[in-house]
Protein chains: 2
Amino acid sequence: MGQQESCIAQHFSHYGRLSENERRQLDALEAPATVVTKGQVLWHEGDAARNFCTLGLGWAYSFRYLADGTRHILETFLPGDVIGLREFPFQERLSSVAMLEDAEIRLVEHRRLVDIFRDSPRLTSLCFAVSSYQQALLSERLVHLSRRSARQRVAYLLFEFYSRLKRNDGALGDCFRVPLSQQQLADALGLSPVHVSRTLTAFRREGLVKRSRGWVHILDPQALADEGCVTGYLHESVLLVD
Amino acid sequence: MGQQESCIAQHFSHYGRLSENERRQLDALEAPATVVTKGQVLWHEGDAARNFCTLGLGWAYSFRYLADGTRHILETFLPGDVIGLREFPFQERLSSVAMLEDAEIRLVEHRRLVDIFRDSPRLTSLCFAVSSYQQALLSERLVHLSRRSARQRVAYLLFEFYSRLKRNDGALGDCFRVPLSQQQLADALGLSPVHVSRTLTAFRREGLVKRSRGWVHILDPQALADEGCVTGYLHESVLLVD
DNA sequence: CGGAGAATTGATAAATATCAAGGTAGGTGG
DNA sequence: CCACCTACCTTGATATTTATCAATTCTCCG
């Protein structure tokens, strides 16, 4: 992801092959990188929404506060992901976004997206694909949160991280960094931190997964996928026919 | 929604004013109406995805089967809604869709969407808006399902129906049709049908909501919104600046 | 009037939350 | 280099919510 291979081009290329020209168009979108620090809030729910951004390095998450002061984590963003695209048609941010680590982001004005729509039907299709993929992740999570046990939820989330990281880096091993605390995992899973801890302890005892401060080691990928009832289309290539 | 005011134009006009020309373009998308019957499955998860459709009359829902044979309802579709747009970049259906009532649908080939992308940046933006709004409904539901009590979930879902119906029909009163059985409400809420029944009984006793086979009567809209922790942006106009 | 799906109700069981008390590891300043 | 500090994690005991099972009633439709 150097200067000539922009983050956004990298991300879009998951959904279809890019021509040199298309790549240049995407590269031209991005402003210079901005450095942000762990814990920093990129924007709050309700803020005016005029841009989205790409995440060069580091993890982030979007969240909403509930009436009782608790917090729910809606999405996680991994290096290379696009953040805030879905808010394009809204005047206001629908959720807050905060950084899990020090990171580098690049802003893109929403109106630049309209330029894309005007200039390139193909890139437009790819934008749609990016957005639809995120929506697919969301609905998958919806299914997995609403009616599944704590074990299944935890297994699913860990496996989701695994498979999304693997999509960006085919050489990823079974041991990788996941910079969420148990409190944050709990906020993403709709569980109490205590119960997340118990579940992870059980998984460790059973030889499924080991987790310690920021790292996850998947001991038995197949068993984890089974436990999480992972169906698989998140892996499938989502290439557009054209 | 007669012959000249197509379902899809009607739907899109929620997101921005349509010119006569744009309206014609949208109208031209739709094939003649197809009649479908209650319980009919439009498509199954995993089927090839080559088109989407608009729902002229009647309700529908999308769902996934879980490993244990239970079912989760992901989305509900009301008259005027667009079904299956989010699957545009996927080769396969991500979820099944079934009818809650006898209804009328109109199919649109996915490749016609590419025509729109090529011919009209503005309609493209509106497509994006439609898709993003559905995504917003999904993420709102995600928040409301993962960490809220049964009372809050039920209240939220009923209020969501109320506000979505009201968006299509400003004159809607407090009493309207909701053709989901308690079993189906349970499948959408991630609760057992028994508990849905208890919760609805409690609401009736408290003078919040009355429900009987296919009808909902909201007795105290404000109290229901409070109980469901409805925040409000689903009502907001989502107009594009342009 | 009879039948079938749908809804209600009660009793009990299971899953998860909450509360509270330690324990551990990594970072920091002396 | 050590000691402490702090955030994070673990564990146990108890409380709450919701599921499950089973029996009954309701309501619509033929």
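Just so we're on the same page: letters track the sequence lines, and every chain starts at 1.
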Length of the line joining [X]:[atom1] and [N]:[atom2], which is rounded to integer Å:
| X | N | atom1 | atom2 | result |
| --- | --- | --- | --- | --- |
| B:L185 | C:dT8 | CG | C1' | 15 Å |
| B:L189 | D:dT18 | CG | C1' | 13 Å |
| B:D187 | C:dA7 | CG | C1' | 15 Å |
| B:L180 | C:dG5 | CG | P | 19 Å |
| B:Q184 | C:dG5 | CD | P | 14 Å |
| A:R211 | C:dA25 | CZ | P | 14 Å |
| B:W215 | D:dC28 | CH2 | P | 13 Å |

Taking the six-membered ring of B:Y133 (Phe, Tyr or Trp), confirm whether the NZ or CZ of B:R86 is under 6.0 Å from its centre and within 45° of its axis.
no

Residues A:R147 and B:D68 bridged, charged N to O under 4.0 Å
no

Relative to the ring of B:W59, is the ring of B:F161 parallel (under 30°), tilted (30 to 60°) or perpendicular (over 60°)?
perpendicular

Is there a side-chain contact between A:F176 and A:V178, using heavy atoms and a 4.5 Å cut-off?
yes

Ignoring backbone atoms, establish whether B:Q182 has a side-chain N or O less than 4.0 Å from OP1 or OP2 of C:dT8.
yes

Below 4.0 angstrom from OP1 or OP2 of D:dA7, is there any side-chain N or O of A:Q183?
no

Just by modelled atom types, is the A:Y65 backbone N or O under 3.5 Å from a matching donor or acceptor in the A:R71 side chain?
no

Partner set under ring pair (Phe, Tyr, Trp, His ring centres under 6.0 Å) for B:Y61, not counting sequence neighbours
B:F63

Strictly under 4.0 angstrom, non-hydrogen atoms only: write out the protein contact profile of nucleotides 9-18 of chain C, one letter per nucleotide from the 5' end, B, S or -.
BBB----SSB

